[in-house]
Amino acid sequence: MYVDVLVPGIWWHPLTYSTPQIVETGCRVVVPMGPRGGKRVGFVLAVKEKLDEKPSYEIKEVTEVLDQVPPLNEELWSLSEWISRQYLCSQSEALRLMCPPQVTKGCNVDHQDLSRQKPSRGTYQERCFYEASDEKRYARYVDIIEEAGYGLVFFPEETVARSFWDILPCHIKKKGLLWPSGGGKKGFDAWLKTRRGEVSVIVGSAGLLFAPLAPIDFILIEEEASSSYNFARYPYISLRHIAAKRAQTWGATLIFGGRMPSSRVYLLKKPQLEEKPKGQIHFVNIRKASCLELPGVTRGIPISSTLLTSSLDAVNSGKIALWILDRKGYVGEISCEECGWMMTCPECGSLCRLTRDIVVCPICGKRYEMPTVCPSCMSNFIMGRRPGIEALYRIARSLVDPAIPVHTWYKEESGKKRRTMVLNDLKDGGIIVGSRLSVTFCDDCFVGVVGWVDADAEARRPLYDARFTAFSMIWESRCRGKDPDSRNVIVQSRTPYRGWQRGLRRGWHLFWDEELAERRELGFPPFELLVEITGPLKITDDILPSLDKSGFAVYKPIADEGRLWVKTKDLKNMREALKPFFHISRSKVGFPKIRIWRD
DNA sequence: CCACCAGAGCTC
DNA sequence: AGCTCTGGTGGC
């Protein structure tokens, strides 16, 4: 007897082993692997009596059969295959993503027969609910959960999921589960409990995407356009895409909710905004605003009088003012004013930034002294450009009364302990200077003003979705959290109230209509998929002609860099063309990495 | 991807 | 000598 086994690895095909025992498809087995025969846990993909042809390799024997019945039900098993096709990855990688680590490591899972959990082809349907007020949305969600049976409820952030869980009525909580975010033993217990059929409604963040719930009557995705639904690690799956697939297989109702829709949902469903946010939005031209002088910086950051006075107003009435600048450190670039030399990392060649008098490479993390003399022209006109949060903090400190507390907030310094400290210090009002992350403070305290210090910076990033990112962040800051109706949002820009910014006042339908027209023209998502292939040059240089031959238009954004872009809808042929590069025999050369943007 | 091994660096 | 850590290796 032979079995095709999905062994953890990045090649796309299964490996064949022999076994004297009887095994079923979907069960886990332990197999020897590699030159030293290390033990791996794999899933059986297929069982066959004899081989089609003589293999060119030695066939090893299965060491141990771990399951009598498959640990995943039919829906999740075929979902892993679907994911491998949709995201051009191996099925074993999809399975690793889907299962708790205990399962892929080979821990015991109770031998339940899940074969009766057949996805019923009910009537799949979609519903949308876009509403600026968090309160109104959540109230609607509670109603939906009340009347529905089994379902998953997604929130983009763990803390928001928890606060929604807290407002749920007791009888729902009793049959429901707040999905633990950390994984570990707690996560495994939640997985087993769900699998045993002891819960019907699960609330949580992205981690519950593969909860073994069966059947599924509804799936609710709050703030469906949120970027936290795009996984940050390989394979780069989109939660919304996969959740929609799950809803379709179960014939469930899929509910999209949020403050604004994603490009794909807007294109397909043309949803309407129930009610515009009531808070005020102002646009300020920073070409005309004056800058403060900062030590070692050529061009400072302008703080308009509009932002300053309304911030002080907010602080004086005990509220918080948020000044948001999505740039870390003191300055983002170090350059010579005399000859134009820019400081790059001697190790990896990327542009360095200055943080607390120390030069840091943002890519490899190496640290250097700030140079005093330009190595190119020997002048001493070394200055910083593109000031960041630290510089903004100094500006804020110098502009407002020393009695007013000012704090910074960004990813590297955003611990739970520090957050309570900051909140406590700001309970009578104050200023937070930080990255986009600071918007979460709207949940915990009264934010009277949100100032987008350099609104153009985000929209300028060389990515097709940069304008959407900029727009959605500012839109979120208008609606999120406590008392958004009395909040002012101030957008500082060099091109105020033009282009993408106009939708901020008149509604996101205006933004999407213009943005989608342009993306359609250029063939960007959601009209086409954007496939990125990265790897060492010797691999991508092989792939390029091969894709070319299959009729794909391949772009190479940067010459002499192992990065390729393809705009296509045809993943099937793409997969065929890339297949040879994902055969196990290519191990020595290495494997490329694939990332797909869908909207 | 990931078990395995080798060699580096450290402590006793 | 014995320990942990880090990095290279290559696969049914």
Side-chain angles (χ1 to χ4, degrees), chain A residues 1-21 23-66 72 79-81 83-107 183 210 231-237 347-348 363-366 532-536 538-540 542-543 562 575 578-596:
Chain A
M1 190 100 100
Y2 296 95
V3 278
D4 282 343
V5 182
L6 298 165
V7 185
I10 40 187
W11 48 88
W12 284 356
H13 55 92
L15 305 181
T16 308
Y17 289 86
S18 66
T19 174
Q21 297 180 65
V23 213
E24 212 185 303
T25 299
C27 290
R28 292 171 303 162
V29 289
V30 180
V31 293
M33 173 76 187
R36 290 169 284 274
K39 300 268 175 291
R40 308 282 180 94
V41 176
F43 288 81
V44 174
L45 179 68
V47 184
K48 45 196 182 187
E49 280 302 321
K50 49 168 90 85
L51 301 174
D52 301 336
E53 52 195 86
K54 269 232 156 58
S56 55
Y57 42 80
E58 180 204 348
I59 290 189
K60 292 176 182 167
E61 197 176 312
V62 170
T63 315
E64 193 189 345
V65 175
L66 292 175
L72 294 183
L79 185 65
S80 71
E81 197 265 337
I83 289 174
S84 73
R85 276 188 285 121
Q86 291 292 319
Y87 290 89
L88 304 176
C89 65
S90 72
Q91 196 176 343
S92 64
E93 282 172 309
L95 284 162
R96 183 183 51 82
L97 197 67
M98 294 173 62
C99 297
Q102 288 87 345
V103 175
T104 33
K105 274 203 206 101
C107 291
F210 299 112
F231 282 32
R233 273 216 299 281
Y234 184 82
Y236 301 98
I237 57 163
E347 294 286 327
C348 69
I363 305 300
C364 68
K366 292 251 162 37
E532 185 191 68
I533 304 162
T534 47
K538 60 173 185 223
I539 296 175
T540 52
D542 280 355
I543 294 177
R575 196 176 162 83
L578 289 170
K579 214 172 178 174
F581 300 97
F582 286 92
H583 190 269
I584 197 165
S585 59
R586 300 269 309 179
S587 310
K588 264 182 291 251
V589 199
F591 297 95
K593 272 227 154 48
I594 296 180
R595 180 172 190 161
I596 301 176

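Below, read A as the first sequence line, B as the second, and so on, with proteins coming before strands; counting in each chain starts at 1. Since this is a predicted model, take the numbers as computed values, not measurements.
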Problem set entry | Residue pairs, two or more places apart or on separate chains, that pass salt bridge (Lys or Arg N to Asp or Glu O under 4.0 Å) and touch residues 91-102 of chain A |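 Listed once each, the pairs would be none.
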
To the nearest Å, give me how far apart [atom1] ([X]) and [atom2] ([N]) are.
| X | N | atom1 | atom2 | answer |
| --- | --- | --- | --- | --- |
| K588(A) | dC1(B) | NZ | P | 20 Å |
| Y17(A) | dC12(C) | OH | C1' | 6 Å |
| E93(A) | dC2(B) | CD | P | 8 Å |
| H13(A) | dC1(B) | NE2 | P | 16 Å |
| Y234(A) | dC1(B) | OH | P | 8 Å |
| R586(A) | dC1(B) | CZ | C1' | 17 Å |
| R233(A) | dC2(B) | CZ | P | 11 Å |
| M33(A) | dT9(C) | CE | P | 17 Å |

Problem set entry | Side chain of R96(A) (C-beta onward), nearest among dC12(C), dC2(B), dG11(C) |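 Taking heavy atoms from C-beta onward, the closest nucleotide is dC2(B).
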
Exercise. Can you tell which of dG10(C), dC12(C), dC4(B) lies closest to the side chain of R36(A)?
Worked result: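 Out of dG10(C), dC12(C), dC4(B), the nucleotide with an atom closest to R36(A)'s side chain is dC4(B).
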
Exercise. Between atom CZ of F231(A) and atom CD1 of I237(A), what is the distance when rounded to the nearest 0.5 Å?
Worked result: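 These two atoms lie 4.0 Å from each other.
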
For this session: Could you tell me the separation between the CD atom of E81(A) and the CG atom of L6(A), rounded to the nearest 0.5 Å?
Result: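 Spacing of CD (E81(A)) from CG (L6(A)) equals 10.0 Å.
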
Exercise. How are the rings of Y236(A) and Y234(A) set to each other: parallel, tilted or perpendicular (split at 30° and 60°)?
Worked result: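 Aromatic pair Y236(A)/Y234(A) classed perpendicular.
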
For this session: Classify the angle between the aromatic ring planes of F582(A) and W12(A) as parallel (below 30°), tilted (30 to 60°) or perpendicular (above 60°).
Result: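 Judged by the thresholds at 30° and 60°, the geometry between F582(A) and W12(A) is parallel.
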
Problem set entry | Donor-acceptor pair (no angle test) under 3.5 Å: R40(A) side chain, dC2(B) base |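 Such a pair exists between side chain and base.
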
For this session: Using heavy atoms and a sub-4.0 Å distance, could you list which residues of residues 46-64 of chain A are near DNA chain B? By number, please.
Result: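 Heavy-atom cutoff 4.0 Å gives no residues at all.
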
Problem set entry | Whether R595(A) side chain and T534(A) backbone form a donor-acceptor pair below 3.5 Å |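 Checked: no pair found.
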
Exercise. Does any non-hydrogen side-chain atom of M33(A) lie less than 4.5 Å from one of K39(A)?
Worked result: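 Heavy-atom side-chain distance check fails, nothing below 4.5 Å.
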
Exercise. Starting at the 5' end of DNA chain B, which residue's closest nucleotide do you reach first, W11(A) or G37(A)?
Worked result: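 Its nucleotide being nearer the 5' end, the pick is W11(A).
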
